[in-house]
Structure formats: structure tokens, C-alpha cells
Amino acid sequence: MLDMAKKAKRVLILALLALGASNHGLAQTAGTGAWPTQKPIRLIAVFPPGGSVDQVARILAPALQAELKQNVIVENIGGASGVIGTSAMTRSDPDGYTFAAVFDTHGVNPSLKDKLPYDTIKDIAPIILVGTSPMVLVASKNSGITSFKQIVEQSKAGKKFSYGSIGIGSLGHLAMARLAKQAGFDWNHIPYRGGGPLMQDVLGGQVELAIGSEFLVKPHIESGGVIPLVITTAKRSPALPNVPTIAESGFPGFSAPAWWAILAPGKTPPAIVDAMNKALNKALKTPVVAEKFKSQGIEIIGGTPETAREFIGKQIGIWGKFVIENNIKETAQ
């Protein structure tokens, strides 16, 4: 009980710092000269190839490259719900040549993991909140599941469904765990190491249900590989107008959007943070990027580094509280 109280206090402090404090790494400014001119920019996608983080990074890279007049190379460093890739970013020189594309797990990891290899506040400078999207619960076409109503009715009758997510503590996992607790269902969570492996198994029928971002699952819905059942946002998605929300399916008020952000090492000079933020905002407004994100259900947010910092702080607070109160623990995958 004491350890849980200490953990809760730590998560609250992290959330408050992220919401209210300016990133103190930004105060340590060096003369940056012209940027970027020295070498290609490295954009680390903190999940394996095939998932939404990888796709977001690869859609942004060409537009960012055109804006900055410098090569932008996407590198996948997956593992530990984004921690390994994020850690690689924080250990890099804060010279404006290494950034990371992260997913919503970034807001959960401080409460889920006993010890991170970086300080979520001191070692990270948020650059931009790329966007948000619904999570979609889908069924394998071989599962015999055709509707969310069917799952609810069978769960009430005592059936224990299994669902996959991109990992323990991912938003998909937490959203389904919160729903199961609210409804009193006994569901079995199967964690994967990213969206690519998760979709491989649901397409192959190795797992009957999967929860993933609309960005991740929509191509497989369109190809007929999976059956969409329900989405996690408060309103229906324009990209999937016929898929009901959890809120309208018997669970009023339910909402859990996915999100993506771009981060930099904490001591990155303010001039570079601002320049990268402006370049990313312009990249997000290019027709190609805007159309690709829209077609995959991502609502572009953009805005300032402060907008990203405040949003991430709120996510740390909301989901950290849920993780601690429900004693959700990381296990070997």
C-alpha cells in the first residue's frame, strides 16, 4: 500500500510538472548557428515497422525533409512500449539531429514501469502533438464475431474473450481494461510488441479480437481482413461512419483517443525546438500529409510545444491514476 501511494505521488508530480513547468532543459541554450546543415535528421519511430507510429513517422518524413531542405531518416527502435526508442533519443546529442515519434504509451509508462531509463520531464522536450484518433476494436474474420452487442451479451453470460493490444499499458489495453471493469466482464489481455505483429495475428486468426488505432486497423478493415466492432472516442469517426462508439453502445461517457507526438532530447536549444515545431506544423498542413492522416482517421492537432507538453501531462495524470488504482503491472512479454 505504501509503494502504491509513493507511485501515485510520483505520477501526480510528473503530471503537474508536465502541465505547469517549462522544460528546464530548454533553458540550457547553446549557440546553434544555422540548422539543419550538418547531417541528416534522425526520426526514431519507437515501435516496430508496420504499426501506426512507424506510419506516422514515414508520412511526415518527406514533407519535413522538403520543408527543412535536409534528409530525414526514419529509424525503428521498438520495444518496451516505446521506452527503448525514447531512451535512445534522450541519450542522443541535443543538437537538433535526433527526434522521436511516440504513441500514447508515452503517457502511461511513468506509472506502469518501476523505473524508466530517463526522466520524463528533464530529459525530454516535447516538440508537437501530431494528432489524435479513435481506437477501434476489431474481430478476426474467422472468429465468428460480428458485433459489439454479441461480445457484450456473451460476456454477460460468462464467456471470457481474449483481445490483443500493442502492449501492456498501451491505450488499447487500458481502454479495454476500463471497459471490462465498468461492465464486470472477465476478458483476457494478450500483449504484443507493436501494431505490425498484432495485426498479423488477428488477420491470421491467432487472436479473436484486437484493439488498435484507426490508423493501424483501417487498411485491414477496407481489405476485409478484420471486422470493425466499436470505437473508443465519444463521437463516431468520419472515416468509419458506420462503426458505433462504445459510448452509444451502452457505456455513456466512455472516451479514450489514441495520440502521437514528436519529442526531442531535453537540452535541445529553444531555437531548434521552435524551428522544428514550425517545420512540423507546416508539414502537417501540406495536402499530401493532411489527406493521408484524414483518410486514416487522424485528426491533426499541431500547435506549440507548450500545447504538446500540457496534453501529455494530462495523459500522464488520467491514465497513471487508472494504472495505479487497478494495480496494473508490467509482465514479461
Side-chain angles (χ1 to χ4, degrees), residues 40-76 78 82 85 99-106 126-136 138 166 170-172 194-200 203 210-226 228 231-233 235-243 257-263 276-303 307-308 311:
I41 291 171
R42 181 186 181 207
L43 180 57
I44 298 173
V46 303
F47 277 86
S52 66
V53 175
D54 175 59
Q55 294 179 59
V56 163
R58 293 184 188 280
I59 287 173
L60 279 175
L64 189 59
Q65 181 168 301
E67 183 63 33
L68 293 175
K69 307 296 189 293
Q70 182 61 270
N71 289 335
V72 177
I73 300 171
V74 176
E75 179 182 354
N76 294 90
F99 299 86
V102 303
F103 195 38
D104 47 55
T105 54
H106 182 78
I127 301 294
I128 199 168
L129 177 62
V130 174
T132 62
S133 168
M135 303 291 287
V136 187
V138 299
I166 64 167
S170 66
L171 184 64
L198 170 63
M199 294 313 298
Q200 265 190 332
L203 289 168
I211 179 80
S213 68
E214 185 177 300
F215 193 96
L216 173 66
V217 305
K218 189 168 181 285
H220 304 293
I221 293 172
E222 292 174 339
S223 70
V226 297
I231 66 172
T232 64
T233 42
K235 297 181 180 179
R236 292 198 183 196
S237 167
L240 296 172
N242 296 321
V243 181
W259 56 272
W260 298 262
I262 305 297
L263 312 177
M276 185 63 163
N277 173 266
K278 289 175 182 176
L280 281 163
N281 271 304
K282 289 181 180 179
L284 288 170
K285 292 176 182 176
T286 60
V288 171
V289 171
E291 181 55 37
K292 284 185 177 180
F293 281 174
K294 180 181 177 181
S295 69
Q296 296 296 343
I298 290 184
E299 179 183 358
I300 293 173
I301 304 298
T307 298
F311 180 91

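Atom CD of Gln70 has more than 12 neighbouring heavy atoms from other residues, nucleotides or ligands inside a 6.0 Å radius.
To the nearest 0.5 Å, the span separating CD1 on Ile128 from CD1 on Ile262 amounts to 8.0 Å. Rounding to the nearest 0.5 angstrom, the gap separating the OG1 atom in Thr132 from the CH2 atom in Trp259 is 11.5 Å. For the atom pair CD1 of Ile166 and CD1 of Ile211, the computed distance is 10.5 Å after rounding to the nearest 0.5 Å. The CD1 atom of Ile127 sits 7.5 Å away from atom CG of Leu280, with the distance rounded to the nearest 0.5 Å. The CG atom of Asn76 lies 4.5 Å from the CG atom of Asp54; values are rounded to the nearest 0.5 Å. In this structure, CD1 in Ile298 is found 8.5 Å from CD in Glu214, a value given to the nearest 0.5 Å.
The two residues Arg236 and Pro241 make their nearest non-hydrogen contact at NH1-O, 2.9 Å. Minimum interatomic distance between Leu216 and Gly195 (heavy atoms only, all atoms of both residues): CD2-CA, 3.7 Å. Contact between Thr307 and Gly302 at its shortest, heavy atoms only, is CG2-O, 4.2 Å. Minimum heavy-atom separation, Pro228 to Val136: CB-CG1, 4.3 Å. Nearest heavy-atom pair across Gly85 and Val46 is C-CG1, 3.7 Å. Between Ala308 and Pro126, the shortest heavy-atom contact is CB-CB, 4.0 Å.
For the pair Asn277 (side chain) and Gly303 (backbone), a donor-acceptor distance under 3.5 Å is present. Judged by distance alone, the side chain of Ser133 and the main-chain N or O of Ser213 form no donor-acceptor pair under 3.5 Å.
Annotation: side chain of Asn71 is in contact with side chain of Gln65 (closest heavy-atom distance under 4.5 Å). Here the side chains of Met276 and Leu64 are in contact, with some heavy-atom distance below 4.5 Å.
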How far apart are the C-alpha atoms of Leu203 and His220, what are their side-chain angles, what is the distance that settles it, and do they pass the side-chain contact (heavy atoms from CB on, under 4.5 Å) test? CA-CA 8 Å; Leu203 289 168; His220 304 293; 3.5 Å; yes
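The aromatic rings of Phe293 and Phe215 sit perpendicular to each other, their planes meeting at more than 60°, with 30° as the lower class boundary.
For Thr286, the side chain to side chain donor-acceptor pair (under 3.5 Å) test picks out no residue, with sequence neighbours left out.
Of the candidates Leu60, Val53, Ile59, Leu60 is the only one forming a side-chain contact (heavy atoms from CB on, under 4.5 Å) with Val56.
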